[in-house]
Structures are given as structure tokens and as C-alpha cells.
Amino acid sequence: MKIRTKIAFQFTLIVALILVVFSLSLYYLLEGYTKDEFNNYLKDRAQTTAKLLIKEKNVDKRLLKVIDRNTLSSLYAAEVLVFNDENLVTYSNIDSVNKFPYSPEILEKIRKFKYHEADYQNKKVVGLMYTDEDLKKDYLILAQAEDTYGEQKLERIKDAMTIGLVSSIFLTIIFGFVFAGQSLKPISRINQEVSKITARDLTKKLSTGNNKDEIAQLARNFNEMLSRIEKSFELQKSFVSNASHELRTPLAAIKSEIQVALEKDRTPEEYKEILKSLNIDNQRLIQLINGLLQLAKSEKGDKSLQMVPIRIDEVLFEVQDELQHQHQNYRISIDFEEIPDDDESVTINGNKSLLRTLFNNLIDNACKYSENNMAVINIRFNKSNCIINVADTGIGISKEDQEKVFEPFFRTKNASNYKGYGIGLSICKRIVDIHGGRIILKSELGQGSNFNVILPHL
Ligand code: ADP
């Protein structure tokens, strides 16, 4: 079911329910009021007859009957009976008493309660007791009549209410549809606009209408999401083109080396040299592909990542060993600012292989980009974090490049003489993100760099 139909339907249902409850209560109130009014009339009627008949002893019953019929009951044909102590009819304004059926139970009830109202067939019956003070005699007066006028009135009210109810519901359906359509108009507009946005053209944006209501907020949020998607598409595109470019360079070198080698017959020594050079290029390719694989692996949300408590100083010492084994010229010093009292201040919940990659990249860069090939590592901690500072006194990074070095394939101009692909720091950033930490770079061109890694400890 369309939202518009649903809203209109629910709206109609609610309004119809309210109208029905309102009409029914009004009708029952009116019905009660009409009934009370008529019973009061009958009571009056009975009392008047009693007063005339019993109080005015000399009144002529025949005359009273005539007056009674012609005047008092002109509006309603009220029938009045007066009974004595023995339940014998002493007065009746109708000719035949049998026409006015009454039961001994009703008479009993009237004598018991002094006043009684009842419905009999289509008529209303009211009975009351009247005492003749002079003769000390009790009389029972019964009055009955059909409330034709009241019933007609109620019938008309009922008809008017039914017509009103049906037409109101009908109008509610129409207005419900119109209002629902009106309120959903901005959503239909957004729907149409969204259908025009394709993956190829994310530059299109939704119009934010009056800029005030919830729909405008939705459009704004949607536009922001589009911008983020667009940015990530751009990044993806530049990543793919950079990666292909980086992969093509060593492959092109390998191809031309092979072509040159095949141009003529060579001595075994020459072949050996060529193979050595090919091996170096091949090594570069492997390194690059490994870097790309690491980058893919360090994607956030990889559920297969095993996170366990790891002492950060242990990881650093392992990386130090490994790097110094690979590069005899590297000098790496690791120091605690303050010796921890407990293991927890330097233990973090992390993935060992990723943490090794992180510090390997940072320490390798520090040594690689400084003339003295020296990296100074300092470990500190506070209440919640363990902070690892990797410092060097190398070529440094200019202020404007400090943000960019964490983007894949970005390399600073002053680093062009050093081997590298510009992937390491983007991997570091992702690894720190995965561990819920931060990486802060402080650097001065020509003075050196400081990478602060802040990781939450146990
Ligand atoms: P790579 O070192 O392989 O080029 P990285 O992603 O590790 O890739 O570094 C990106 C760039 O950041 C480097 O090319 C270099 O320009 C700069 N950089 C990284 N670390 C340092 C450092 N310690 N000193 C100076 N520049 C650095």
C-alpha cells in the first residue's frame, strides 16, 4: 500500500471513529433527555388529574373526562387511570379500561416505590401515589402515552446524524488524500531527483527546499552522503591509477631489460648480470604488491582480525631487531619515559602483525629519510593511552604536505631520491584507526619529523 493511501486511510479511520463516538454520545444524551422530558410530562399529567379529582371533591368526573380529553391531552393522547386502595379503577379518561392494559406487578411496584416509570409496548407508563389528606386515603395514578413527537424528533436527529456522519467521512477521505499528497509532495520530489543521480554523476545534488523542515534536513544529509561517496570514488579512482602506474614502472623496466638481453647472444656473465638486475626489479614489484595487500588487509571492519592483549614495548623491540638485521646502518634507540608499574599501561588490545607493520613503517621511514639513519623511540603512557613517539632528525615534511603523506601513493618532493612507493603511511593510518587510536605528525622541513602514535591501553 502506498504511504499516501495509508495516511489517508488512517486519517479517515481516526476521524470516523471520533465522529461515530461523538454522534453516538450525542444521540444517547438526547434520547435520555427526550425520555426524561416525556416522563416528566406524564408525571405532571397524572398529578394534575389527581389534584383535580381528589382535592376538588365536587368536580364532575364526566366533565373532567371531557376537559381531560380535549385540552390536556391535545398534544399527546395521554391515558390516565386512578385506582383506589383495592386496585379498583375509580376514574379513567378513556372509555374502555381494557384498552389500557396494566399488570398487577406495575401497580405493586408503584405502591412500593411511590413512583415508577416503565416502557409498555410502544408507550411510556408513569405511575405515582397520591394521598387524600382529608379522607386519609391513598390513590394510585397511572398515566401512559406514546411519545410520537419525541420519537419523530429522535428519528430526524438520527437521520441528520447519519447523513452528517457519512458525508463527513466521505469528505475526510477526499481531504485525507489531498493532505497526504500535499505533505508527501517533497518526498516525491526527492524521489524523482534521486532517480536522476547515477553512480557516474554524483555531482548532482538534491534541492533543500525551504531549508527549514525535516525534508530539507533529509536532503542535506543525503547531499553530504553523496559528497562522501563522491570523494571515496575519487580516492578509489586515483588509487587504482596510482597503483597501476607504480606496478607498470618495474614491469616496463623488466620488459625492456629482457628485450635488450634478447637482442644478441651474451656471455654467461652478462646473463648473470641481467638476471641480477631483473631480480632487483622483481623484488620491487613484490614489495609493492605486499604493500597493496597490507593496505587491503588493514581495511576497517575486517572481522577475521584477531585482537589480543599485546605489550607494545615487545613489538617495538622485535621491529628494532628485524630492521637492524636488514639494514646494518640503521640506529634505533627505544626508551621509556618512565618505567611502568604494571603491564597494563603498555599493553594494548591489538593485532600483532598489524602493529609490527605500523612500527616497521614508521621506524624504517625515520632511518631512511635521515642522513644519520637514526630513529629515537620514546614510550609514555597516561591514564588511558600509551603514546609512542618515533622521532628523527632527517629531511622533514613541509606543513602543506603533512596531511597528504597519509594518502596512498603521496610522496614529498624532497623524498624523490629515496626508494619508496608512498603506501606505508596510509597503511599506518588505517592500522591506528583499527586500534581506536590516533597518529599525529609534527615536522619541520630540513629539521626532522616526529610521529606520535596514541593507542588506548588496557
Ligand atoms: P614511502 O616511504 O614508501 O614513500 P610512506 O607512505 O611511508 O611511503 O611515506 C609517504 C611519504 O611521506 C614519503 O614518500 C615521504 O615523502 C614522507 N615521509 C614519510 N616519513 C618521513 C620521514 N620520517 N621524514 C620525512 N619524510 C617522510
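Side chains included, hydrogens not; waters and symmetry mates left out as well; all remaining heavy atoms used. Counting starts at 1 for both ligands and their atoms, following the listed order.
A side-chain donor from one of Asn452 and Asn389 sits under 3.5 Å from a side-chain acceptor of the other. With no hydrogens or angles considered, a side-chain donor-acceptor pair links Arg220 and Gln217 at under 3.5 Å.
With sequence neighbours left out, the salt bridge (charged side-chain N to carboxylate O under 4.0 Å, His left out) criterion links Glu444 to Lys399. Remark: Lys352 pairs with Glu318 by the salt bridge (charged side-chain N to carboxylate O under 4.0 Å, His left out) rule, at least two apart or across chains.
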Just do the salt bridge (charged side-chain N to carboxylate O under 4.0 Å, His left out) check on Arg266 and Glu273 with the steps written out, would you?
CA-CA 11 Å; Arg266 309 216 173 244; Glu273 275 309 304; over 6 Å; no

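Protein residues lining ligand 1, listed by chain and number: Asn365, Ala366, Lys368, Tyr369, Asp392, Ile395, Gly396, Ile397, Val405, Phe410, Arg411, Thr412, Ala415, Gly420, Tyr421, Gly422, Ile423, Gly424, Leu425, Ser449, Phe451 [non-hydrogen atoms, distance under 4.0 Å].
For residues 103-117, the set of pairs meeting the salt bridge (Lys or Arg N to Asp or Glu O under 4.0 Å) definition, not counting sequence neighbours, is empty.
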